[in-house]
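Below is one structure, written out as structure tokens; comments come after it.
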Amino acid sequence: MLLDVSIGKDSLSIQIDNPFHSDINAFAGQIGEFASPRGIDVAPLDLPGLIKKMIKGIAGCEHGCPADAKGFVARGFHGFKLEYVEGGILTATAKLEDGKAINFKMFPDF
């Protein structure tokens, strides 16, 4: 799986080799290090929760296979605008108080 994070024209790609045994907090830390010099504080965002839910939405079989990406989008998550894109891609956008936005796009391996 691949997680792309973008702020304006800048982006960060994180490879998720084993979605079921990943260090979600390390991914959130990488995103924080990427966002901070761009003037975005990700501390108020539940990045570990978002990443975990996005992984489960694409790779998980908690509600039977295929995974429940569309259900995750329908339920929503803590102030993020979620979208399902055909092909199993999930996107999430958070608008911050200063008008800036941080965008996440997770791609499946298949």
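Reckoned from all heavy atoms, side chains included, excluding hydrogens, waters and symmetry mates.
Shown here for P48 and N25, the closest heavy-atom pair between the two residues is CG-OD1, 3.5 Å. Scanning both residues, V42 and G32, for their nearest heavy atoms gives CG2-CA, 3.6 Å. Taking all atoms of both residues into account, the shortest heavy-atom contact from F104 to I31 is CE2-CD1, 3.9 Å. For the residue pair A92 and F80, the shortest heavy atom distance occurs at CB-CD2, 4.1 Å. In terms of heavy atoms, I102 sits closest to L45 at CG2-CD1, 4.0 Å. Closest approach of G87 to P108, counting heavy atoms only: O-CG, 3.5 Å.
T91 places none of its side-chain heavy atoms less than 4.5 Å from the side chain of K81. A 4.5 Å side-chain heavy-atom check between I55 and I24 finds at least one atom pair inside the cut-off. Counting only heavy atoms from C-beta outward, the side chains of I51 and L3 approach each other to under 4.5 Å. No side-chain heavy atom of M106 sits less than 4.5 Å from a side-chain heavy atom of I89.
A distance of 5.5 Å separates CG of L50 from CZ of F77, quoted to the nearest 0.5 Å. Annotation: the span from E83 atom CD to K105 atom NZ amounts to 9.5 Å, rounded to 0.5 Å. Interatomic distance, CZ of F72 versus CG of L90, reported as 6.5 Å (0.5 Å rounding).
Note on residues 37-55: pairs passing salt bridge (charged side-chain N to carboxylate O under 4.0 Å, His left out), not counting sequence neighbours, are D10-R38. Among residues at least two apart or in separate chains, there is no salt bridge (charged side-chain N to carboxylate O under 4.0 Å, His left out) pair with a member in residues 20-32.
Under the 4.5 Å side-chain contact rule for hydrophobic residues, L2 and I16 do not share a cluster. Hydrophobic clustering (side-chain heavy atoms under 4.5 Å, transitive across Ile, Leu, Val, Met, Phe, Trp, Tyr) keeps V85 apart from V73.
Residues satisfying the side chain to side chain donor-acceptor pair (under 3.5 Å) criterion with D4, sequence neighbours excluded, are S13. With sequence neighbours left out, the side chain to side chain contact (heavy atoms under 4.5 Å, CB included) criterion links N18 to F20, H21. Remark: T93 pairs with N103 by the side chain to side chain donor-acceptor pair (under 3.5 Å) rule, at least two apart or across chains. Residues passing the side chain to side chain contact (heavy atoms under 4.5 Å, CB included) test with K100, sequence neighbours excluded: I40, D98.
Side chain of Q15 to main chain of M1: a donor-acceptor pair is present (N/O by atom type, distance under 3.5 Å, no hydrogens or angles).
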